[in-house]
Amino acid sequence: MEYNYNEIEKKWRFYWAENKTFKVEIDYNKPKFYVLDMFPYPSGAGLHVGHPLGYIASDIFSRYKRNKGFNVLHPMGYDAYGLPAEQYAIQTGTHPAITTEINIARYREQLDQIGFSFDWDREVRTSDPKYYKWTQWTFIQLFNSWFDIEIEKAASISELISYFEKSGNQNLKAANSYEKEFTAKEWNGFSRKDQQDVLMAYRLAYLADIDVNWCPALGTVLANDEIKDGLSERGGHPVEKRMMKQWSLRISAYAQRLLDGLNHLEWTDSIKEAQRNWIGRSEGASVNFKIKGHEEVLEVFTTRPDTLFGATFMVIAPEHEFMDKITTLEQKEEVEAYVTIAKNRSERERMTEVKNITGKFTGAYGINPLTGTEIPIWTADYVLSGYGTGAIMAVPGHDSRDFAFARHFNLPIIQVVAQVGEEIKPVEEWETSNDAKEGIMVNSDFLNGLDVKEAITTTIKRLEEIKIGYGTINYRLRDAIFSRQRYWGEPFPVYFKDGIAEVLDEKELPLTLPQVDKYLPTENGEPPLARAENWKTKDGYPLETSTMPGFAGSSAYYYRYMDPHNQDEYFSKESNAYWENVDLYMGGDEHATGHLMYARFWSMFLYDLGLTVKEEPFKKLINQGKIQGRSNFVYRVNHEKYAEYFVWEFIKKQGKEDEFEREYRDGHRKFDFYNKKENLIIEIKSQAKLEKLESYYIDYIKDTNKKLLLIPIVDILEFDESLAMEIEKALKDKNEGVVFFNREVRELKPLFVSKNIKDRELFSTPIHVDIDFVHNDILDIEAFKNWREEYADAEFILEEDKYVCSWEVEKMSKSKYNVQNPDALIEKYGADTFRLYEMFLGPIESHKPWDTNGIEGVFRFMKKFWKLYHPVDAFELSEDEPSKEEHKILHQTIKKVQDDIERFSFNTTVSQFMICTNQLTDLKCNKKAILEPLAILISSFAPHIAEELWEKMGHGESIIKTSFPVFMEDYIKENNFDYPVSFNGKMRFKIELPVTLDKAAVEVAVLASPDAQKWLQGNPPKKVIVVLNRIVNVVI
RNA sequence: GCCCGGAUGGUGGAAUUGGUAGACACGUUGGACUUAAAAUCCAAUGACCAUUGCGGUCGUGCGGGUUCAAGUCCCGCUCCGGGUACCA
């Protein structure tokens, strides 16, 4: 009986859907397990083989966990908002919802084909009003919350208001962007507008002026990576910096919690490291510098307060608010010019010109608070307005950028830290600054002799005593801009009343996305939603016209899956108490600092609201590697080069390479070959070119009295005796000033040369060929000819009757003709083989090229596996008691499969299935006692075939409902162990000994063996190491 | 520059705690079956030397080290991939 995968797989797909086999509900009798995939954006291209990699892995784990007795939540949905659909809408007028719907249908079809165990009843889509109602709802909660630093938690705005009413903001510890202080009395005297403005600076979702990349031509704000060389990536329009009112989320308030939380997560170190760097915590001090002749003090942040005695100048960002105030009249013109330039420099320019040191002296002086010294204040764009206070104290002796700046502008440098045992050199001789955060303080008054660490704490203490500074912590993490000037996203539940932003009542949610006539900004640059008719509240107040960004919908979808149809709540308390959070999250590491950061923030906020039982959303994270493309290349011959090569080879063959000169130059003229002795030039060109240049050649020959042989390329490629004779004749001809022609008009056909043909690289260039025409790097010539009209009559230079292509690993992309989509493979081999093969490719985390060559082997295995159950062409299992050996094979496999799945080593699991199948085949084993548990083992990898066999074995329920076989140590216990015996660490022979022997007995037995005698040659060993049931090493 | 990851046969990869390097596959070669092909099965397959057999030497990017024993640990590099960017 044949392994008819198509029929089997169709049957079980239908069965699973029909019986809702994977539907899951809260079940207090079972432990829960939540397996989640990063949900996909449904693009128009559909899935390629890279997408399912993670899905297959998580599906295997889900199925395995179910067999292990867990109640597994394994949902899937769609990140359905996104730019491509909007872009398509702009071009075609098709509503993005329609495009998205079509794409989702295609995704679903493809996903279903692979046999995933998703509970589709829990599907969510971010663009579904029933879903984004809760995205909007969360926004309202963020808007109505502030962050209390005292308790490190979000709290309600109404509490904040009563606090202000009682105590003002002077002693309040809150994450905010409000700079002034006020008393309760002042607060109570503020107008409503003023009060709201203050509150806005405390909200977790707040409106603020943000410097953005505005592209006037596109009428939109662009992300940094949408800008290439100062122009928009799409369309190449100019981009300018512009202040715009944008919604932001105060994620920075959670910096410390986001940092601390990492310690308890089972994520890869690299992702955790990336998040730590992104958060960028630095400990240091805030120090106030008086400015000579001004009342204002300049606050700086430094991680090295210990080096205060080495601060010889200050630098403030060109955007700094004091800029205008402190710049002196004499410097004004120069400084203003500099600031204008600095502000307009794009990020990219700044990046490429890092080594370009620029800056201007403002004319003002700061006063070093410890020494009283006056130090100049400069402005330079290496100081960023967005980090710290936008101002620094420069310590050129111990900071490389300050050092470079000081050298460039000839500013003083003072050494204040010395390395232990270092010979003190005058700073003038230094080539670099000494940035090391260790050493002993020098030239630093009361700090002298302290080490750096002590000096830092001592300095901070002193600063705090004299009230000019304090120890503090700075984070690099910036608040997240939450507005997008786009159509296809969640509308903000916000309206404006008398210029004050207010949120809608929760009862009015969802605020659905309105229809618009075009998906473009309005003529005066407003976002597309401004085109909607009646985009107002029912009281007539205008609604916010921006929409939310992609991460809005994807930051808490994992909670919605717990209770996806709840109309009254985001998700019920009960469902969250049961499912808690995601136990295993599978997805790409490209989301390290985006999605994974926002989702954690969002999750922490919901936790603060008391909605969830866990602060962190994803306990364990596995990053599946990207599947890269494996491109194939054919070598297209450059006819002219090839012909020249050919002639040169001919000349060499005649032994005349000394007589000829290649690439002969006469003045500005260049010819292919020149024979000095015979005064003969040989020029090879296409027929057309030769004809065009004919008169030019004739004139040249007349002037120089040389002989010229013009050969069209075609003649050479169809090289025969006559051409050889022609060259001979030309060489012998004594007439000067002649031109030899050889004319017979024929057409050049495209010519391709196989990879290993000698000197191929001299006359051909590689071009991508569709991988569909290439099997094991051998080109299917007929298919290639049919690919394109221009190749229809192509010719090929073969090696051993084959055309061999070269290959390279590249990104999978249409333009490289290396895209593999799963449908064709599933059609050809079935979903089970496909699943197995994707896993067999290599470790789940590593990036690897897709190569279909190996899939045949997996397919062969599947057929072999099927044959175990169908030994004589029909399903037949024997009830006989298995042999000891058969038991051993089974239990070795149980152990290996279990261990490997637990450590996500799926490629080695597949190997074990192969080993097991090979061994059982060799034993001609078709015993039910072995093959029944084996079907369960493989069911998480190849569910269709497993279900089919399971049913044939007489089971009435899906194999997913059964239990994973129990591993029994006794079955794999051996009486003997085959000891590898090494001499000086090199394995020489093996000896089988009872496992019960102790070390001494093993040593005796080994040394007594004839093999050992041979190596010892009568000498006693220096030492013998015995590791029981592992290895013996003899040192001689 | 900094941070992270990686480098093992012709190819993908295995070796989980320092203990038999190359499991399992692909590919290749030879053979069986067949009128033939496909499919299937069997054998060989790291390199080099030896070959009548037994064997031997080298070998996990490079150079050192620790150890009875190193792909695995330590030190110093090279190359490749990814992230990040004047973060005070």
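On a predicted model such as this, the values are computed, not experimentally measured, just so you know. Numbers restart at 1 for each chain; the letters A, B, ... are given by sequence-line order, proteins then strands.
- Relative orientation of the A:F904 and A:F61 rings is parallel, given thresholds of 30° and 60° on the angle between their planes.
- In terms of polar N and O atoms assigned as donor or acceptor, the side chain of A:N277 never comes within less than 3.5 Å of the base of B:rC2 in a complementary pairing.
- Residues A:N474 and A:S282 have side chains that never bring a donor and an acceptor to within less than 3.5 angstrom of each other.
- If you check B:rC86, B:rA39, B:rA88 against the side chain of A:S282, the one that comes closest is B:rA88.
- On the P atoms, B:rC49 is 30 Å away from B:rG65, given to the nearest whole Å.
- In this structure, the NZ atom of A:K848 is 14 Å from the P atom of B:rG6, given to the nearest Å.
- Nucleotide B:rG81 forms a pair with B:rC4, judged by Watson-Crick or G-U wobble geometry with both contacts under 3.5 Å.
- As rounded to whole Å, 16 Å separates atom P of B:rA25 from atom CZ of A:F941.
- Counting only N and O atoms by type, the side chains of A:Y338 and A:T358 include a donor and acceptor under 3.5 Å apart.
- Nucleotide B:rC54 is matched to nothing when pairs are restricted to Watson-Crick or G-U wobble geometry with both distances under 3.5 angstrom.
- Using the Watson-Crick or G-U wobble rule with both distances under 3.5 Å, B:rU72 pairs with nothing in any strand shown.
- Taking atom CD of A:E845 as the reference point, atom C1' of B:rU16 lies 13 Å away to the nearest angstrom.
- The main-chain N or O of A:C805 is never found under 3.5 Å from a side-chain atom of A:N632 such that the two would form a donor-acceptor pair.
- Residue A:S270 is in sugar-phosphate contact alone, with no base atom involved, counting any heavy-atom pair closer than 4.0 Å across all strands shown.
- Among the atoms of the strands shown, none is found under 4.0 Å from any heavy atom of A:K272.
- For A:R903, the listed nucleotide lying nearest its side chain is B:rU16; candidates were B:rU84, B:rA23, B:rU16.
- Taking atom CG of A:L298 as the reference point, atom C1' of B:rA88 lies 13 Å away to the nearest angstrom.
- Comparing B:rU40, B:rA88, B:rA15 by their closest approach to the side chain of A:T302 singles out B:rA88.
- One can place CH2 of A:W267 at 18 Å from P of B:rC4, the figure rounded to the nearest angstrom.
- Across all strands shown, A:T908 has heavy atoms under 4.0 Å from sugar-phosphate atoms exclusively, and none from any base.
- Comparing the P positions of B:rU34 and B:rA23 gives a spacing of 33 Å, expressed to the nearest Å.
- Taking the side chain of A:V1027 as heavy atoms from C-beta on, and the options B:rC24, B:rA88, B:rG19, the nearest nucleotide is B:rG19.
- Comparing the P positions of B:rG30 and B:rG83 gives an interatomic distance of 46 Å, to the nearest angstrom.
- Taking atom P in both B:rC54 and B:rG19, the straight-line distance is 31 Å, to the nearest Å.
- The glycosidic torsion of B:rG9 lies within 90° of 0, which places this base in the syn conformation.
- Remark: A:N918 is in phosphate contact with B:rA25, judged by side-chain N or O atoms under 4.0 Å from OP1 or OP2.
- For the OP1/OP2 pair of B:rU57 and a distance below 4.0 Å, the side-chain nitrogens and oxygens of A:R988 include at least one atom meeting the criterion.
- Listed candidates were B:rC3, B:rA88, B:rA23. Nearest to the side chain of A:E273 is B:rC3.
- Looking at heavy-atom distances under 4.0 Å, A:F840 makes contact with a base.
- Relative ring orientation between A:Y3 and A:W866 is described as tilted, the plane-to-plane angle lying within the 30° to 60° band.
- Residue-level contact check: A:W1015 touches the backbone only, with heavy atoms under 4.0 Å from sugar-phosphate atoms and none from bases.
- No hydrogens or angles were tested; on distance alone, nothing pairs the side chain of A:K986 with the base of B:rU20 as donor and acceptor under 3.5 Å.
- In a base pair of the Watson-Crick type (N1 to N3 plus N6-O4 or O6-N4) or a G-U wobble (N1-O2 and O6-N3), with each distance short of 3.5 Å, B:rC26 is matched with B:rG10.
- A sub-4.0 Å separation between OP1 or OP2 of B:rC26 and a side-chain N or O of A:R860 is present.
- Between the NZ atom of A:K864 and the P atom of B:rA39 there is a distance of 16 Å, rounded to whole Å.
- Taking only side-chain atoms of A:N907, from C-beta outward, the nucleotide of B:rC87, B:rC86, B:rA14 with the closest atom is B:rA14.
- Of the residues A:F859, A:Y829, A:W850, the one that meets the ring-ring contact (aromatic ring centres under 6.0 Å, His included) test with A:Y837 is A:W850.
- Using cut-offs of 30° and 60° for the angle between ring planes, the A:F861 and A:F865 rings count as tilted.
- In a base pair of the Watson-Crick type (N1 to N3 plus N6-O4 or O6-N4) or a G-U wobble (N1-O2 and O6-N3), with each distance short of 3.5 Å, B:rA21 is matched with no nucleotide.
- In this structure, the NE2 atom of A:H847 is 9 Å from the P atom of B:rG83, given to the nearest Å.
- A donor-acceptor contact under 3.5 Å is formed by the side chain of A:K990 with the base of B:rU20.
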What N/O pairs connect the protein and nucleotides 68-73 of chain B at under 3.5 Å? Give each pair on its own line.
residue: B:rC68; atom: O2'; partner: A:N1033; partner atom: ND2; Å: 3.0
residue: B:rC68; atom: O2; partner: A:N1033; partner atom: ND2; Å: 2.7

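- Distance check, rounded to the nearest 0.5 Å: CE of A:M393 to CZ of A:F289 gives 5.5 Å.
- Between the CD atom in A:Q624 and the CD atom in A:E838 there is a gap of 10.0 Å [rounded to 0.5 Å].
- Comparing B:rG13, B:rC87, B:rU57 by their nearest atom to the side chain of A:R478 picks out B:rC87.
- The shortest side-chain heavy-atom distance between A:F313 and A:I377 does not fall under the 4.5 Å cut-off.
- Atom P of B:rA47 sits at a distance of 23 Å from the matching atom of B:rC42, rounded to the whole Å.
- The side chain of A:L384 lies closest to B:rA88, out of B:rA25, B:rA14, B:rA88.
- When the C1' atom is used for both B:rG6 and B:rC24, the distance is 22 Å, rounded to whole Å.
- Taking atom P in both B:rG22 and B:rG27, one finds a spacing of 22 Å when rounded to whole Å.
- Rounded to whole Å, the separation between the P atoms of B:rG5 and B:rA38 comes to 48 Å.
- Here A:S433 contributes atom OG and A:D402 contributes atom CG; the two are 8.0 Å apart, rounded to the nearest 0.5 Å.
- Atom pair A:I392:CD1 and B:rA88:C1' shows a separation of 5 Å (rounding to whole Å applied).
- Checking the phosphate oxygens (OP1, OP2) of B:rC87, a side-chain nitrogen or oxygen of A:R401 falls inside 4.0 Å.
- Listed candidates were B:rG19, B:rA21, B:rC86. Nearest to the side chain of A:I1031 is B:rG19.
- B:rG59 is unpaired under the criterion used here, namely a Watson-Crick or G-U wobble arrangement in which both key atom distances are under 3.5 Å.
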